[in-house]
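Just below is one structure, and these are the notes that go with it.
Atom set for the values below is all heavy atoms of this structure, side chains included, hydrogens, waters and symmetry mates excluded.
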Amino acid sequence: MTAILEARGLSRAFGHVQALDHADFDVASGEVVALIGDNGAGKSTMVKALTGNLEVDSGEVFFHGERVHFATPQDASERGIEVVHQDLALAPHLDPTQNMFLGREIMRSGLAGRLGFMNERRMRQDARAAFSSLGSAVRSVTTPVGDMSGGQKQSVAIARAVAWANQVLFLDEPTAALGVVQTRNVLDMIRRVRDQGVAVVLISHSMPHVLAVADRIQVLRLGRRVTTIPAEGATVEQLVGAMTGALDEHEIDRSEIA
């Protein structure tokens with residue numbers, strides 16, 4: 001499977017703290033890769049480095065096999081790479097449609113567009129289509145996001161990212177603080193996004209959720225990728241062992257998880 005986004009030997013230090021230490025990462029189109037590790041393993045730093053939010057000290061990033069440099073998040077967005085942060089980064093006073101098209105508004109044609117008038121009808125239609133395609137729990141595209149439940153807010157943030165992420169989607173703890181039904185909806189949305197051919201990178205501390213949707217699991221420890229594990233047949237115990245160092249890569253019996 002050919003990687004759509006790949007990191008080779010990324011290193012980044014913050015003072016005396018080595019957040020990334022020659023770390024590697026890769027994800028292919030149409031697959032879900034979980035990025036796991038204990039607190040301080042380098043997950044957030046890796047995501048920031050891959051999405052234009054952080055400069056690295058050394059290493060290379062490749063997109064479709066071509067070496068790239070994302071100086072800003074906008075650079076990554078222009079390549080179809082989006083991130084849903086844990087805080088969702090939504091404007092609570094705006095409705096789902098306005099949040100989805102914030103900074104990317106569709107203008108009316110002709111003179112009206114040149115005068116700054118937006119095509120609100122078109123944006124509402126596109127927003128409804130986006131939510132419907134993901135099986136989203138959002139029922140109204142005109143209700144302020146601040147009045148919505150946690151699951152609905154999560155749906156808005158994911159749908160917004162998916163609307164623009166036609167290549168890679170990063171999800172940072174998307175099921176944190178959600179109920180059982182809301183969590184199931186988010187996991188279903190991840191599968192739908194993958195089935196649309198988009199690469200999904202899931203950062204999560206919930207090993208059952210990781211095993212439920214991931215195709216492969218990449219483990220970071222002390223700033224390095226220490227192993228990549230096929231999700232099929234893997235166990236929570238194996239993942240925790242890899243994260244903590246109790247189970248090194250050569251100790252994993254791949255005949256049990258292939």
* Hey, mind stepping through Thr235 and Gln238 against side chain to side chain contact (heavy atoms under 4.5 Å, CB included) and telling me if it holds? -> CA-CA 5 Å; Thr235 66; Gln238 286 171 324; 3.3 Å; yes

* Asked: Is it true that Arg225 and Asp26 have a side-chain N and a carboxylate O under 4.0 angstrom from each other?
  -> yes

* Side chains of Leu202 and Pro174 in contact at under 4.5 Å (non-hydrogen atoms) -> yes

* Structure fact -> Of all heavy-atom pairs linking Val210 and Ala34, the shortest is CG1-CB, 3.5 Å

* **Any donor-acceptor N/O pair, Ser11 side chain to His22 backbone, under 3.5 Å** => yes

* Asked: Just by modelled atom types, is the Ala41 backbone N or O under 3.5 Å from a matching donor or acceptor in the Asp38 side chain?
  -> no

* To do: Drop me the distance from Glu105's CD to Glu120's CD, to the nearest 0.5 angstrom.
  => 10.5 Å

* State the CG-CE distance between Leu115 and Met107, to the nearest 0.5 angstrom. => 9.0 Å

* Determine whether the side chains of Thr142 and Ser140 contain a donor N or O and an acceptor N or O closer than 3.5 Å. => yes

* Reported CZ-to-CE distance for the pair Arg194 and Met189, which is rounded to 0.5 angstrom -> 14.5 Å

* Any ion pair linking Arg104 and Glu82 (charged N to carboxylate O, less than 4.0 Å)? -> yes

* Check against side chain to side chain contact (heavy atoms under 4.5 Å, CB included), Val84 and Gln154 -> CA-CA 9 Å; Val84 178; Gln154 191 74 262; 3.9 Å; yes

* If every non-hydrogen atom of Asn99 is compared with every non-hydrogen atom of Leu94, which pair is closest and at what distance? -> ND2-O, 3.2 Å

* Asked: Is Ile106 linked to Met118 within one hydrophobic cluster, defined over Ile, Leu, Val, Met, Phe, Trp and Tyr using a side-chain heavy-atom separation of less than 4.5 Å?
  -> yes

* Over all heavy atoms of both residues, which pair between Ala13 and Gln18 is shortest? Give the atoms and the distance, please. => CB-OE1, 3.6 Å

* Between Glu31 and Ala28, is there a donor-acceptor pair closer than 3.5 Å when you use the side chain of the first and the backbone of the second? -> yes

* When rounded to the nearest 0.5 angstrom, what distance separates CZ in Arg192 from CD in Gln196? -> 9.5 Å

* Heavy-atom donor-acceptor pair, Asp24 side chain to Gly9 backbone, under 3.5 Å -> yes

* Indicate yes or no for a side-chain donor-acceptor contact from Gln98 to the backbone of Asp95 under 3.5 Å, with no hydrogens or angles considered. => yes

* Check Thr175 against Thr183 and note the closest heavy-atom contact, atom names and distance. => CG2-CG2, 3.7 Å

* Asked: Should Asp21 and Arg224 count as an ion pair when the cut-off is N to O under 4.0 Å?
  -> yes

* Joint hydrophobic cluster, Leu102 plus Trp164, side-chain heavy atoms closer than 4.5 Å -> no

* When hydrophobic residues are tied together by side-chain contacts of less than 4.5 Å, even through go-betweens, does Leu222 share a cluster with Val226? -> no

* To do: For residues 39-68, pull every pair meeting side chain to side chain donor-acceptor pair (under 3.5 Å), keeping only residues two or more places apart or in separate chains.
  => Asn39-His205, Thr51-Asn53, Glu55-His69, Glu60-Arg67, His64-Gln167

* To do: With the side chain counted from C-beta on, respond yes when Leu54 and Arg12 share a heavy-atom pair under 4.5 Å apart, and no when they do not.
  => yes

* Asked: Does a side-chain N-to-carboxylate-O contact under 4.0 Å join Arg122 and Asp126?
  -> yes

* Establish whether Phe62 and Val198 are linked, either directly or via other cluster members, by ILVMFWY side-chain heavy-atom contacts under 4.5 Å. => no

* To the nearest 0.5 angstrom, please state how far the CZ atom of Arg160 sits from the OG1 atom of Thr97. => 12.5 Å

* Asked: Nearest heavy-atom pair of Ile217 and Ala214: which atoms, and what distance?
  -> CG1-CB, 4.1 Å

* Write down the atom of Ala163, the atom of Met100, and the distance for their closest heavy-atom approach. => CB-SD, 4.3 Å

* Going by an N to O cut-off under 4.0 Å, is there a salt bridge joining Arg8 and Glu6? -> yes

* Which value, rounded to the nearest 0.5 Å, describes the distance between Ile190 atom CD1 and Asn185 atom CG? -> 11.5 Å

* ILVMFWY cluster membership beyond Leu5 - transitive side-chain contacts under 4.5 angstrom -> Ile4, Leu10, Leu20, Phe25, Val27, Val33, Leu35, Met46, Val47, Leu50, Val56, Val61, Phe63, Val68, Phe70, Ile81, Val83, Val168, Phe170, Val201, Ile203, Leu220

* Going by heavy atoms in the side chains, are Met148 and Val156 under 4.5 Å from each other? -> yes

* Asked: Is it true that Asp188 and Arg191 make a salt bridge, defined as a side-chain N closer than 4.0 Å to a carboxylate O?
  -> yes

* To do: Quick one: do Met243 and Met207 satisfy side chain to side chain contact (heavy atoms under 4.5 Å, CB included)? Show the steps, please.
  => CA-CA 11 Å; Met243 288 169 54; Met207 298 303 101; 4.1 Å; yes

